[in-house]
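For reference, the structure discussed in these notes is given below.
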2 protein chains.
Amino acid sequence: MANVKFSRQREAIREYLASTKSHPTADMVYNQIQSIYPNISLGTVYRNLNLLVEQGDAIKVSCGDGMEHFDSDTSEHYHFICKNCGDVIDLDMECINHINTIAGSAFDGKIDGSITYFYGICPSCLAETKE
Amino acid sequence: MANVKFSRQREAIREYLASTKSHPTADMVYNQIQSIYPNISLGTVYRNLNLLVEQGDAIKVSCGDGMEHFDSDTSEHYHFICKNCGDVIDLDMECINHINTIAGSAFDGKIDGSITYFYGICPSCLAETKE
DNA sequence: AAAATAATAGTAATAGTTACTGTTATTTTA
DNA sequence: TAAAATAACAGTAACTATTACTATTATTTT
């Protein structure tokens, strides 16, 4: 991964992503970084987010709402998506890699991994409903 | 679900979707139906596919390739996505709903369900690689 | 058969994202 | 450390998947 030069904008994006657990979309990152670099371009945000993913410093979370979310936590972990507010929340749970074995037992292809998203109502929406 | 009139185009779409296990995208359905209705519009395909989903006669498969795939099999089952050719294949495996319990055990929100996609190399791509 | 209305084809618009271009910032080299 | 090389930038245009709009056509109701 040579031919990559330092850039202030990329570092700002990297730092912001590392500072939040909110799994922001490119647009959310763009809005945040604008407070530091008012004329940063959305293209720059996309390019750098994708570069961070390529470099293994971030992952994409494709939770099915039509936008990519980004996460600086590259460790294996699971996400919950609130059907009410759309928030993406980290789940504290053990790995469930045994499901790959289950899936592979009657399948002739090679299973390298799986992605699981959990859906429901998040704690804060649950509290609002009860009011 | 009243106020829904019969349409030849919708029935053709429904029949095509029922006849295939290929999990086609709207565009793939459009291309197929054109052999029956040469001037069907892509908008008609999208509208009817979404209607079938609303009526519970099909499901959307959002496997993360930027396009919605459609499936007339509305029973609970799992999908495998080939990282090489992008094919979406049904997996013959038991339900793994216990993972929802695992996920919920340390989470304050309400977990209604989960979606799992398995990734790897499909049998046919595996065969090509070995040549 | 006529009136009502849902669905259509065709087209325009939208959202999220990527590509292009001339300029600027960073790095390399001498 | 200045000049040359080049990656990254901002701004804009283009692209892809999808939805919305509109006048016309097909289906259903009366």
Side-chain angles (χ1 to χ4, degrees), chain A residues 1-17 22-55 57-71 81 86-88, chain B residues 1-17 22-55 57-71 81 86-88:
Chain A
M1 202 77 73
N3 310 344
V4 176
K5 286 183 177 169
F6 171 90
S7 103
R8 300 153 185 269
Q9 290 89 339
R10 185 186 308 127
E11 289 315 302
I13 290 167
R14 190 198 305 275
E15 281 171 29
Y16 171 62
L17 204 60
S22 70
H23 309 84
T25 62
D27 203 62
M28 289 161 160
V29 173
Y30 176 60
N31 288 129
Q32 275 297 322
I33 303 297
Q34 276 183 315
S35 63
I36 310 168
Y37 295 102
N39 24 339
I40 194 169
S41 146
L42 188 54
T44 297
V45 173
Y46 273 104
R47 183 162 23 77
N48 281 304
L49 284 172
N50 285 328
L51 188 59
L52 292 178
V53 171
E54 276 176 41
Q55 291 179 331
D57 294 334
I59 56 168
K60 280 187 183 178
V61 180
S62 310
C63 63
D65 63 353
M67 291 170 286
E68 296 289 350
H69 293 246
F70 293 86
D71 190 349
I81 296 109
D87 260 22
V88 181
Chain B
M1 204 76 74
N3 308 344
V4 175
K5 285 183 177 167
F6 171 91
S7 103
R8 300 153 185 269
Q9 290 90 337
R10 185 186 308 129
E11 289 316 300
I13 291 167
R14 190 198 306 275
E15 279 168 32
Y16 170 62
L17 203 60
S22 70
H23 309 83
T25 62
D27 204 61
M28 290 160 159
V29 173
Y30 175 59
N31 288 128
Q32 276 297 324
I33 303 297
Q34 275 183 316
S35 63
I36 310 167
Y37 296 102
N39 24 337
I40 193 170
S41 145
L42 187 54
T44 296
V45 174
Y46 272 105
R47 184 164 21 78
N48 282 305
L49 285 173
N50 285 327
L51 188 59
L52 292 179
V53 171
E54 276 175 43
Q55 292 179 330
D57 294 334
I59 57 167
K60 280 187 182 178
V61 180
S62 311
C63 64
D65 64 353
M67 291 171 286
E68 296 288 350
H69 293 246
F70 293 86
D71 188 351
I81 295 108
D87 259 20
V88 181

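These numbers come from a predicted model, not from an experiment. Order of the sequence lines fixes the chain letters, A, B, ..., with proteins taken first and strands second; residue numbering starts at 1 for each chain.
- Backbone-only contact: A:Asn48 has heavy atoms under 4.0 Å from sugar-phosphate atoms and none from a base.
- Residue order along DNA chain C, read from the 5' end via each residue's closest nucleotide, puts B:Phe6 first among B:Gly43 and B:Phe6.
- Minimum heavy-atom separation, A:Val53 to A:Lys60: CG2-CG, 4.1 Å.
- Nearest nucleotide to the A:Lys60 side chain, out of D:dA10, C:dT8, C:dT18: C:dT18.
- Comparing C:dT17, D:dT19, C:dA7 against the side chain of A:Ala26 picks out C:dT17 as the nearest.
- Nucleotide D:dT16 holds its C1' atom 14 Å from the NE2 atom of B:His69, rounded to whole Å.
- Note on B:Arg10: only backbone sugar-phosphate atoms sit closer than 4.0 angstrom, heavy atoms only; bases stay farther off.
- Spacing between atom CD of B:Glu68 and atom P of D:dT16 amounts to 18 Å, rounded to whole angstrom units.
- When distances are taken from the side chain of A:Asn39 to each of D:dA26, D:dA10, D:dA8, the shortest belongs to D:dA10.
- The listed nucleotides are D:dA10, D:dA8, D:dT18; the one nearest the side chain of A:Thr44 is D:dA10.
- Contact check for A:Met28 versus A:Thr25: side-chain heavy atoms found under the 4.5 Å cut-off.
- The side chain of A:Met67 lies closest to C:dG16, out of C:dA7, D:dT18, C:dG16.
- Using a 4.0 Å heavy-atom distance criterion, B:Leu42 is classed as a base contact.
- Among all heavy-atom pairs drawn from A:Arg8 and A:Tyr37, the shortest one is CB-OH, 3.1 Å.
- Among the nucleotides C:dA7, C:dT18, C:dT26, the one closest to any side-chain atom of A:Arg8 is C:dT26.
- For the pair A:Leu52 CG and D:dA8 P, the interatomic distance rounds to 12 Å; values are reported in whole Å.
- Within the nucleic acid shown, A:Asp27 has no heavy atom closer than 4.0 Å to any nucleic acid atom.
- At C:dG10, none of the side-chain N or O atoms of B:Ser41 fall inside 4.0 Å of OP1 or OP2 (strictly under the cut-off).
- For the pair B:Arg10 (side chain) and B:Lys5 (backbone), a donor-acceptor distance under 3.5 Å is present.
- When rounded to the nearest whole Å, the span between CZ of A:Arg47 and C1' of C:dG16 equals 17 Å.
- Atoms CD (B:Glu11) and P (D:dT27) sit 11 Å apart, rounded to a whole Å.
- Picking from D:dA8, C:dA9, C:dT18 the nucleotide with the shortest atom distance to the side chain of B:Gln9 gives C:dA9.
- Listed pair A:Asn3 / D:dT6 fails the phosphate criterion, with no side-chain N or O lying under 4.0 Å from OP1 or OP2.
- Here C:dT11 presents its P atom at 11 Å from OH of B:Tyr30, a figure rounded to the nearest Å.
- No side-chain heavy atom of A:Glu68 sits less than 4.5 Å from a side-chain heavy atom of A:Leu49.
- Under the 4.0 Å criterion applied to side-chain N and carboxylate O atoms, B:Arg14 and B:Glu11 are assigned as salt-bridge partners.
- Between the CG atom of B:Asn31 and the P atom of D:dA17 there is a distance of 12 Å, given to the nearest Å.
- Pairing partner, D:dA13: C:dT18, with both Watson-Crick or wobble hydrogen-bond distances short of 3.5 Å.
- Listed pair A:Tyr46 / C:dT18 fails the phosphate criterion, with no side-chain N or O lying under 4.0 Å from OP1 or OP2.
- Summarising the geometry, the separation between CG on B:Leu51 and C1' on C:dT8 is reported as 14 Å, rounded to the nearest angstrom.
- When each of B:Lys5 and B:Val45 is assigned the nucleotide of DNA chain C bearing its nearest heavy atom, the one mapping closer to the 5' terminus is B:Lys5.
- Between B:Ser7 and D:dT27 there is no side-chain polar atom (N or O) within less than 4.0 angstrom of OP1 or OP2.
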